[in-house]
Amino acid sequence: MSTGWNFDNTYKNLSGGFYSNVEPMPVEKPELILLNNRLADELELNFSGIEPEELSALFTGNSLPDGSEPISQAYAGHQFGHFTMLGDGRAIIIGEHVLPDGKRFDIQYKGSGRTPYSRSGDGRATLYSMLREYLISEALYHLGIPASGSLAVAKTGMPVYRETIHTGAVLTRVASSHIRIGTFEYAYRFLSHEKQKEFLDYTIKRHYPDLHEADNKALALLERVSDKLLSLVLEWMRVGFIHGVLNTDNMSIGGESIDFGPCAFMNGFDPGTAFSSVDMNKRYSFSNQPGIVQWNLAVFAGTLLAFINADRNKAKEAAEAVLKQFEPKFVEEWHRMMGKKLGFRHITKKEADLIDQLISWMEKTKADYTNTFLVIAKSAETPDHFRTDEEFRNWHSNWESLITTDHNGLNEASKRMSQSNPVFIPRNHLVEEALSEASNHGDFSSFNSLSDILRQPYRQDWSAADLQQVPAGFDKEYQTFCGT
Ligand code: AMP
Ligand code: MG
């Protein structure tokens with residue numbers, strides 16, 4: 001029986017400069033560790049009946065499916081504010097898999113060896129970090145947040161040298177594309193005007209074909225990508241997700257979360273939370289994320305100016321008008337989103353005031369960003385420290401009055417709230433325990449049970465609620481690492 005691959009590799013039709021032809025470097029002892037059946041189904045791929053050795057070879061790049069044409073993409077990007085030439089240094093796109101309805105997905109091996117863009121890197125990835133990406137991308141999916149998917153993780157049987165020696169692995173990543181703001185920066189800095197135009201048209205055709213008819217396609221693309229990334233960052237803010245490395249090369253034009261190496265979820269509310277070990281100045285902290293996305297969009301706009309208007313001043317004016325809308329739009333949408341978390345049907349000054357009061361109380365008390373909303377809805381038991389906190393008690397009784405008078409009562413409100421407030425998020429301590437047991441000892445029991453819990457994050461099941469309690473002091477010491 002056939003697996004169902006259906007490749008149509010349009011990126012390869014772009015003219016020279018956008019990619020390099022590459023081959024995955026063979027691995028010594030391929031061994032499939034995880035296969036994502038949910039995603040396989042979505043991709044209409046069927047791996048049942050295929051021998052384990054064959055699957056292991058496939059998901060390490062030792063063998064390639066028919067129709068694949070492996071490439072690595074060129075891109076650049078602003079990393080922590082500084083422009084750098086980058087590219088797929090340890091990733092190979094084997095092709096674009098297309099579903100009968102026309103939906104197109106890049107299939108990418110991450111950790112599959114050196115490429116022309118590897119610079120001093122080894123092109124490899126550790127099992128730990130590929131399992132991390134698998135776990136988090138699934139968690140985001142089930143939270144309802146756009147993200148690249150993880151189809152499989154396979155061990156290479158070869159050591160990867162970091163601070164210590166790790167087991168190597170390849171992740172098969174799936175995304176609507178890997179076009180980044182950084183890909184536009186690359187074209188803008190290093191390729192001709194004609195090639196930039198070709199890439200603009202390609203991107204519009206691939207992601208937003210309805211914009212083909214727009215009077216000003218480049219400006220329309222800027223607007224669309226702004227809206228997409230605004231919605232994305234708003235979703236991160238809803239669940240306390242901190243991407244951790246929001247460089248322009250990690251911002252997808254399709255509006256999906258990608259490249260979340262050092263990402264983590266916030267527990268106690270502190271807007272300045274940043275877990276990444278390299279983010280010393282907290283540039284990518286929780287509350288900086290919307291502003292950083294706007295900054296990244298300004299970089300994107302800079303690459304499009306020549307196509308917005310031949311007159312550079314007019315082009316800048318038009319782009320700035322789009323960029324200027326980001327902040328007020330975000331503030332409005334953020335209130336709407338927070339309003340849903342609090343069960344409001346609409347937002348007037350009264351609701352906005354209650355939102356602001358709650359946020360400042362949470363900041364002061366470092367209240368848990370997930371559990372607090374469950375307590376407010378009275379879904380979860382009210383812990384003593386909430387009960388004894390006079391400010392919270394007052395706030396809650398004001399909230400309850402408003403819910404009763406203006407929002408159809410607590411019953412309806414808590415139904416609304418349950419759709420916006422997860423009960424289960426990937427708590428950092430659980431993630432680390434699961435990853436360490438799986439990658440160091442090959443014991444997947446914690447990994448599997450955590451994956452199960454995260455499959456239904458909105459389920460109001462209090463039997464596992466103790467898992468959501470963070471060990472005292474854990475976050476203080478917690479650090480995440482990128483690119484491992
Ligand atoms: P990231 O931090 O994963 O977004 O990666 C930033 C850049 O470094 C990208 O160009 C990656 O391809 C490259 N890179 C990260 N890790 C490696 C590695 N082990 N070998 C080669 N290139 C790498
Ligand atoms: Mg990256």
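Since the model is a prediction, treat every value here as computed from it, not as a measurement. In listed order, ligands and their atoms are each counted from 1.
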Checklist line | Reference residue Tyr109; test side-chain contact (heavy atoms from CB on, under 4.5 Å); the match among Thr60, Leu58, Asp88 | finding: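 Result: among Thr60, Leu58, Asp88, Leu58 is the only option passing the side-chain contact (heavy atoms from CB on, under 4.5 Å) with Tyr109.
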Notebook entry, point to check: Under 4.0 Å from ligand 1, counting heavy atoms only, is it the side chain of Asp122, its backbone, both or neither?
Noted result: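 It is both parts that get close, each with some atom under 4.0 Å.
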Check: Taking non-hydrogen atoms only, is Arg162 closer than 4.0 angstrom to ligand 1 via side chain, backbone, both or neither?
Finding: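 Within the 4.0 Å criterion, Arg162 contacts ligand 1 through side-chain atoms alone.
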Parallel, tilted or perpendicular: ring planes of [X] versus [Y], cut at 30 and 60 degrees:
X	Y	value
Phe83	Phe190	tilted
Trp236	His243	tilted
His193	Phe307	parallel
Phe269	Tyr369	parallel
Phe326	Phe330	parallel

Per-atom contacts of ligand 1 with [X], taking only distances under 4.0 Å to non-hydrogen atoms:
X	answer
Asp259	4 (O)
Gln79	6 (C)
Gly121	20 (N), 21 (C)
Leu86	7 (C), 10 (O)
Arg124	19 (N)
Asn250	4 (O)

Next item on the list: Could you say whether the N/O atoms of Gly123 and ligand 1 ever approach to under 3.5 Å?
Entry: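 Yes - when backbone and side-chain N and O of Gly123 are compared with those of ligand 1, one distance drops under 3.5 Å.
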Item checked: Tyr117 N/O under 3.5 Å from ligand 1 N/O ->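 So ligand 1 has no N or O lying under 3.5 Å from an N or O of Tyr117.
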Notebook entry, point to check: Any ion pair linking Arg427 and Asp475 (charged N to carboxylate O, less than 4.0 Å)?
Noted result: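 Between Arg427 and Asp475 there is no salt bridge, as every charged N stays at least 4.0 Å from the carboxylate O atoms.
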State if [X] counts as touching ligand 1 under the rule of any non-hydrogen atom under 4.0 Å.
X	result
Gly261	no
Glu133	no
Val245	no

Checklist line | Ring-face cation of Arg38 near Tyr141 (centre distance under 6.0 Å, axis angle within 45°) | finding: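 Positive - Arg38 is close enough to the ring of Tyr141 and near enough to its axis.
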Check: Hey, are Glu28 and Thr156 close enough side-chain-wise for a donor-acceptor pair under 3.5 Å?
Finding: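 There is no such pair between these side chains.
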Check: For residues Arg173 and His178, is any side-chain donor paired with an opposing acceptor at under 3.5 Å?
Finding: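 There is such a pair (donor and acceptor under 3.5 Å, judged by atom type) between the side chains of Arg173 and His178.
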Note to self: In the structure I gave you, are the side-chain heavy atoms of Ile93 and Tyr19 within less than 4.5 Å of one another anywhere?
What the structure shows: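 Ile93 vs Tyr19: side chains apart.
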Margin query: Could you work out, for atom 11 (C) of ligand 1, the closest of Ala91, Ala76, Gly87, Ala74 by heavy-atom distance?
Written below: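 Considering heavy atoms of Ala91, Ala76, Gly87, Ala74, the nearest to atom 11 (C) of ligand 1 sits in Gly87.
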Check: Considering only heavy atoms, which of Arg90, Gln73, Arg119 lies nearest to atom 23 (C) of ligand 1?
Finding: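 Considering heavy atoms of Arg90, Gln73, Arg119, the nearest to atom 23 (C) of ligand 1 sits in Arg90.
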Notebook entry, point to check: Of Arg104, Lys12, Lys103, which meets salt bridge (charged side-chain N to carboxylate O under 4.0 Å, His left out) against Glu96?
Noted result: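 Checked Arg104, Lys12, Lys103 against Glu96; only one passes salt bridge (charged side-chain N to carboxylate O under 4.0 Å, His left out): Arg104.
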Note to self: So, taking the atom named OG1 in Thr370 and the one named CG in Asn421, what distance separates them when rounded to the nearest 0.5 Å?
What the structure shows: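 Thr370 OG1 to Asn421 CG: 8.5 Å, rounded to 0.5 Å.
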Notebook entry, point to check: If you draw a sphere of radius 2.8 Å around the Mg ion (ligand 2), how many protein N/O/S atoms end up strictly inside it?
Noted result: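 Near the Mg ion (ligand 2), the number of protein N, O or S atoms below 2.8 Å is 2.
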